[in-house]
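Take a look at the structure below.
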Amino acid sequence: MKVTYYGHSCFAVVVAGKTLLFDPFITPNPFAKGIDLAQVPADFILVSHGHDDHLADAVEIARRTKAVAIAGFEVGEWLLKNGVARVHHLNHGGGFHFGFGRVKFVSAIHSSTMPDGSPGGNPGGFVVETPEGNFYYSGDTALTLDMKLIGESTPLKFAALCLGDNFTMGPDDAVRAADFIRCDQILGVHYDTFPPIRIDHAAAQKKFQAAGKTLHLLRPGETRDF
Ligand code: NI
Ligand code: MN
């Protein structure tokens, strides 16, 4: 599966010829200023929770691409009200089979207020199961024992885990999360964008290495195969 990183927690995965774009936050991110929003492809836009650093560009990209947004119920309602024409609502523990595979909305420990201050329901993450392999995106979350449920049921090719600390797991908890989900190939997200979430790349990668895992920290715009 080809994965392109767009900075912060925004990345795209190509599965069965479809582009799944996660948590689009590109135009407000100075580290992503090399990315041309008008060229970012999407067939599906998956939004983990209501915070602006996860959906700032969702409406604009959905309008241009006609992508289907996939989100928790309240975030989905907000997207519909704000100009996204096609929305598929999920709620925790529920999954749905789209053409490319099955998407399940799983728990995250965090908060979720929409940019206009309205409630965004409970935040989540996504487990995506496809014939080309499965992966997990944590969204913004603390380390939680619920992650063990994912490891017990779904073999993962890779996982995108938040690890910038302060608002989410830091690198130490992200290593434990990788253990819980039984995954050795980790794409780091939600780090460096703001001063409180700056991380030491080499130190974080060493922690994963010591646990027999690889932490991939991609540059915005970089693509790699998992
Ligand atoms: Ni957040
Ligand atoms: Mn965030």
Do [X] and [Y] touch side chain to side chain, with heavy atoms closer than 4.5 Å?
X: R219; Y: Y5; result: no
X: L20; Y: Y137; result: no
X: P41; Y: L21; result: no
X: T214; Y: Q209; result: no
X: D43; Y: T65; result: no
X: R182; Y: K148; result: no

I want to know whether F226 and H216 have ring centres closer than 6.0 Å.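 That pair passes the under 6.0 Å test.
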For atom CZ of R224, is the number of surrounding heavy atoms from other residues, nucleotides or ligands below 6.0 Å larger than 12? yes
Exceeds 12 heavy-atom contacts within 6.0 angstrom, atom NZ of K18: no
Test item: [X] side-chain N/O and [Y] main-chain N/O as donor-acceptor pair under 3.5 Å:
X: R64; Y: V40; value: yes
X: T130; Y: V15; value: no
X: E222; Y: T4; value: no
X: R63; Y: V84; value: no
X: S112; Y: N122; value: no
X: N134; Y: P155; value: yes
X: Q205; Y: L215; value: yes
X: D57; Y: T27; value: yes

What distance do [X] atom [atom1] and [Y] atom [atom2] have between them, rounded to the nearest 0.5 Å?
X: T19; Y: I45; atom1: OG1; atom2: CD1; value: 11.0 Å
X: L149; Y: T154; atom1: CG; atom2: OG1; value: 10.0 Å
X: Y6; Y: I35; atom1: OH; atom2: CD1; value: 6.5 Å
X: Q185; Y: K157; atom1: CD; atom2: NZ; value: 11.0 Å
X: S118; Y: W78; atom1: OG; atom2: CH2; value: 7.5 Å
X: L46; Y: L55; atom1: CG; atom2: CG; value: 12.5 Å

Where do [X] and [Y] come nearest, in terms of heavy atoms and distance?
X: A32; Y: I26; result: CB-O, 3.8 Å
X: S138; Y: C162; result: OG-N, 3.2 Å
X: Y136; Y: I150; result: CE1-CD1, 3.5 Å
X: P171; Y: K207; result: CB-CD, 4.0 Å
X: H51; Y: S111; result: CE1-OG, 3.2 Å
X: P24; Y: C10; result: CA-SG, 3.5 Å

Salt-bridge criterion met for D192 and R198 (N-O under 4.0 Å):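 Salt bridge flag = no for R198 with D192.
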Less than 4.0 Å between a side-chain N and a carboxylate O, is that true for K213 and D179?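 Between K213 and D179 there is a salt bridge, with a charged N closer than 4.0 Å to a carboxylate O.
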Hydrophobic cluster partners of F25 (side-chain heavy atoms under 4.5 Å): F167, F194, I197
Going by the side-chain contact (heavy atoms from CB on, under 4.5 Å) test, name the single residue among V175, L187, I181, V189 that passes it with L161. I181
Any side-chain donor near an acceptor of the partner, [X] and [Y], under 3.5 Å:
X: D53; Y: H8; value: yes
X: S48; Y: D23; value: yes
X: T193; Y: N29; value: no

Do [X] and [Y] sit in one hydrophobic cluster, given that two such residues count as connected whenever their side-chain heavy atoms are within less than 4.5 Å of each other, even indirectly?
X: L218; Y: L163; answer: yes
X: V3; Y: I61; answer: no
X: V128; Y: M1; answer: yes
X: F73; Y: M114; answer: no

Go through the steps to decide whether V13 and F158 satisfy the test side-chain contact (heavy atoms from CB on, under 4.5 Å), and finish with yes or no. CA-CA 11 Å; V13 183; F158 77 96; 4.0 Å; yes
Working note: F11 + F22, criterion ring pair (Phe, Tyr, Trp, His ring centres under 6.0 Å); need CA distance, chi angles, decisive distance, verdict. CA-CA 5 Å; F11 62 99; F22 291 80; 4.6 Å; yes
Dump the intermediate steps for side chain to side chain donor-acceptor pair (under 3.5 Å) on D140 and T168, then the final yes or no. CA-CA 6 Å; D140 282 5; T168 70; 5.7 Å; no
Step-by-step ring pair (Phe, Tyr, Trp, His ring centres under 6.0 Å) determination, H190 to H54: CA-CA 10 Å; H190 213 272; H54 297 261; 5.3 Å; yes
Result block: side-chain N/O donor-acceptor pairs under 3.5 angstrom for residues 87-108, not counting sequence neighbours:
residue: H89; atom: NE2; partner: E77; partner atom: OE2; Å: 2.8
residue: H92; atom: NE2; partner: P123; partner atom: O; Å: 2.9
residue: S107; atom: OG; partner: D146; partner atom: OD2; Å: 2.7

Using the rule given for ring pair (Phe, Tyr, Trp, His ring centres under 6.0 Å), can you reason through H201 versus Y191, listing the C-alpha separation, both sets of side-chain angles and the distance that settles it, and then say yes or no? CA-CA 10 Å; H201 292 203; Y191 64 94; 5.5 Å; yes
